[in-house]
Enquirer: 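Below: one structure in structure tokens.
Counting convention: from 1, in listed order, for ligands and their atoms alike. Here, residue 1 is the first one in the sequence, and each next residue gets the next number. All figures in this text were calculated on a predicted structure; none of them were measured in a lab.
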Amino acid sequence: MPTVNLKEVLNKAIKNDYAVGAFNVHNLEFVEGVMRAAEELSSPVIIGIATVSIDYAGLEPLAAVTKIYAEKSKVPTVIHLDHGDDIELVRRCIQLGFSSVMYDGSKYPIGENIKRTREIVKIAHDENISVEGEIGVVGGFEALDVGDVSNEQLQELYTQSEDARRFVAETGVDALAVAVGTVHGMPMQNAKIDFQRLKEINAAVDIPLVFHGCTGLRNEDYQKAMGLGVKKFNVGTRLMIEFKQALQKALESDEKSLFASLQEGTAVISAAVKDRIMVLKSADQA
Ligand code: 13P
């Protein structure tokens with residue numbers, strides 16, 4: 001079916017009380033693995049294409065492969081730019097058939113973030129493309145791990161509800177990524193979430209919230225966050241870890257061909273995505 005935008009998919013999720021996973025893809029095997037899981041469980045799905053993956057695979061090839069899979073699929077699929085950081089990239093993604101973009105201006109002071117995000121919203125909405133914005137900074141696990149940023153410093157970068165209210169009102173974004181304790185690239189499910197802050201943010205805005213860094217989020221915290229307005233959960237690191245392990249193991253075994261090894265990697269991605277779809281309760285909602 002034709003791709004759908006993020007707003008449509010998340011509005012349906014709000015109405016029917018589930019959330020949707022955004023899974024990061026980097027090549028053919030990842031796209032195949034994610035789409036197979038969504039098809040088999042009849043779940044809507046968001047394919048996240050981040051700038052690091054674009055640097056690796058190239059925007060045109062990655063967009064083309066994703067679009068082919070999305071359009072031949074029977075489930076509603078959003079093709080989403082993850083952490084877009086410049087307007088030209090956003091324009092190119094829109095031209096190549098993305099149905100949603102994230103503009104991440106979180107490194108700027110709030111006024112500048114609003115100004116830049118608003119410009120993206122205007123360009124995107126003219127084409128019926130949804131926009132996710134971010135306010136507050138979702139840190140990286142590597143920085144925490146090596147002690148560059150302490151947990152206390154991370155909290156200073158968390159989203160403030162008043163900023164969230166202002167940002168949403170002044171930009172017109174369709175979804176808002178918030179920083180309340182998830183961390184990008186955390187390999188174990190161990191993130192400490194500030195639920196009180198999440199509750200305040202949810203009360204301050206009337207659009208769906210987004211969690212980044214969901215590899216590190218505990219299953220029970222998915223459920224709690226879903227009840228506090230989070231409708232999009234981004235998962236990337238887990239798929240990379242499990243794909244790499246499966247591939248390594250298969251390649252070490254002499255009997256397995258390269259193709260068979262890659263297929264094992266794809267199957268592992270598919271299983272991990274299915275597992276998240278069950279937690280998000282989006283199965284049979286396509
Ligand atoms: P993880 O890689 O930590 O799962 O986070 C993915 C993400 O937030 C992509 O934007």
Side-chain angles (χ1 to χ4, degrees), residues 6 10 19-27 30-31 33-34 37 45-57 62 66 78-85 89-90 93 98 100-107 117 130-146 149 151 154 157-159 173-193 198 208-219 221-222 225-226 230-245 268-269 271-277 279-280:
L6 186 65
L10 296 187
V20 186
F23 301 100
N24 286 104
V25 301
H26 323 285
N27 64 10
F30 278 72
V31 178
V34 174
V45 69
I46 301 159
I47 300 277
I49 298 182
T51 48
V52 282
S53 314
I54 293 170
D55 291 344
Y56 164 68
L62 207 44
T66 308
V78 178
I79 306 181
H80 177 78
L81 171 65
D82 190 27
H83 292 285
D85 56 0
L89 177 62
V90 169
C93 288
F98 282 53
S100 176
V101 293
M102 174 189 192
Y103 178 72
D104 180 359
S106 61
K107 66 179 178 215
T117 306
S130 313
V131 180
E132 173 186 335
E134 176 168 327
I135 181 160
V137 179
V138 179
F141 179 69
E142 302 86 348
L144 262 181
D145 204 27
V146 297
V149 182
N151 261 315
L154 202 62
L157 304 174
Y158 283 180
T159 308
V173 289
D174 305 290
L176 181 68
V178 294
V180 296
T182 55
V183 181
H184 284 119
M186 182 182 260
M188 69 300 264
Q189 288 184 287
N190 199 20
K192 289 178 189 57
I193 306 302
L198 180 62
L209 303 176
V210 178
F211 263 13
H212 284 244
C214 295
T215 295
L217 189 65
R218 292 189 183 95
N219 285 358
D221 288 349
Y222 275 77
M226 282 162 69
V230 182
K231 294 292 158 191
K232 172 175 179 275
F233 290 76
N234 291 10
V235 179
T237 299
R238 173 173 172 187
L239 307 186
M240 291 180 95
I241 292 173
E242 294 187 9
F243 180 75
K244 188 178 166 192
Q245 284 170 347
V268 161
I269 291 174
V273 171
K274 278 186 177 176
D275 170 64
R276 291 302 85 186
I277 286 174
V279 170
L280 296 164

Enquirer: Any nitrogen or oxygen of Arg238, main chain or side chain, under 3.5 Å from a nitrogen or oxygen of ligand 1?
Expert: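 No - when backbone and side-chain N and O of Arg238 are compared with those of ligand 1, no distance drops under 3.5 Å.
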Enquirer: Quick one: nearest non-hydrogen protein atom to atom 10 (O) of ligand 1, plus distance?
Expert: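 Atom 10 (O) of ligand 1 sits closest to the protein heavy atom Asp82 OD2, 2.6 Å.
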Enquirer: Nearest to atom 4 (O) of ligand 1, what protein heavy atom do you find, and at what distance?
Expert: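 Looking only at protein heavy atoms, the one closest to atom 4 (O) of ligand 1 is Thr215 OG1, 2.5 Å.
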Enquirer: Treating Thr237 as the side-chain partner and Met186 as the backbone partner, does any N or O pair qualify as donor plus acceptor under 3.5 Å?
Expert: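 Answer holds: no.
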Enquirer: Would you please test Lys192 and Val180 for side-chain contact (heavy atoms from CB on, under 4.5 Å) and show each step?
Expert: CA-CA 8 Å; Lys192 289 178 189 57; Val180 296; over 6 Å; no
Enquirer: Mark the output for Cys214 as yes if a heavy-atom distance to ligand 1 is under 4.0 Å, and as no if none is.
Expert: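 Checking ligand 1 against Cys214, which is what was asked, there is a heavy-atom contact under 4.0 Å.
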Enquirer: Looking only at non-hydrogen atoms, find the nearest pair between Ala179 and Val137 and report the distance.
Expert: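 Heavy atoms only, the tightest pair is CB-O, 3.4 Å.
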Enquirer: Give the atoms of ligand 1, by number and element, whose distance to some non-hydrogen atom of His184 is under 4.0 Å.
Expert: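 Counting from 1, the qualifying ligand atoms are 3 (O), 5 (O), 7 (C), 8 (O), 10 (O).
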Enquirer: Between ligand 1 and Gly185, can you find any atom pair, the residue atom being a heavy atom, that is separated by under 4.0 Å?
Expert: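 For ligand 1, residue contact (heavy atoms, under 4.0 Å) with Gly185 is present.
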Enquirer: Would you mind checking which non-hydrogen protein atom is closest to atom 8 (O) of ligand 1, with the distance to 0.1 Å?
Expert: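 Here the closest protein heavy atom is Gly213 N, 2.8 Å.
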Enquirer: Distance-only, no hydrogens or angles: does the Thr66 side chain make a donor-acceptor pair with backbone N or O of Leu62 under 3.5 Å?
Expert: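 Yes, because the side chain of Thr66 sits within donor-acceptor range (under 3.5 Å) of the backbone of Leu62.
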Enquirer: For ligand 1, is there an atom lying under 4.0 Å from some heavy atom of His83?
Expert: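 Yes, His83 has a heavy atom closer than 4.0 Å to ligand 1.
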Enquirer: Got the closest protein heavy atom to atom 2 (O) of ligand 1, with its distance?
Expert: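 So the nearest neighbour among protein heavy atoms is Thr237 OG1, 2.5 Å.
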Enquirer: Once rounded to the nearest 0.5 Å, what's the spacing between atom NZ of Lys231 and atom CG of Leu176?
Expert: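 The distance works out to 15.0 Å.
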Enquirer: Find the distance between CG (Asp221) and CZ (Phe233) and round it off to the nearest 0.5 Å.
Expert: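 Answer rounded to 0.5 Å: 9.5 Å.
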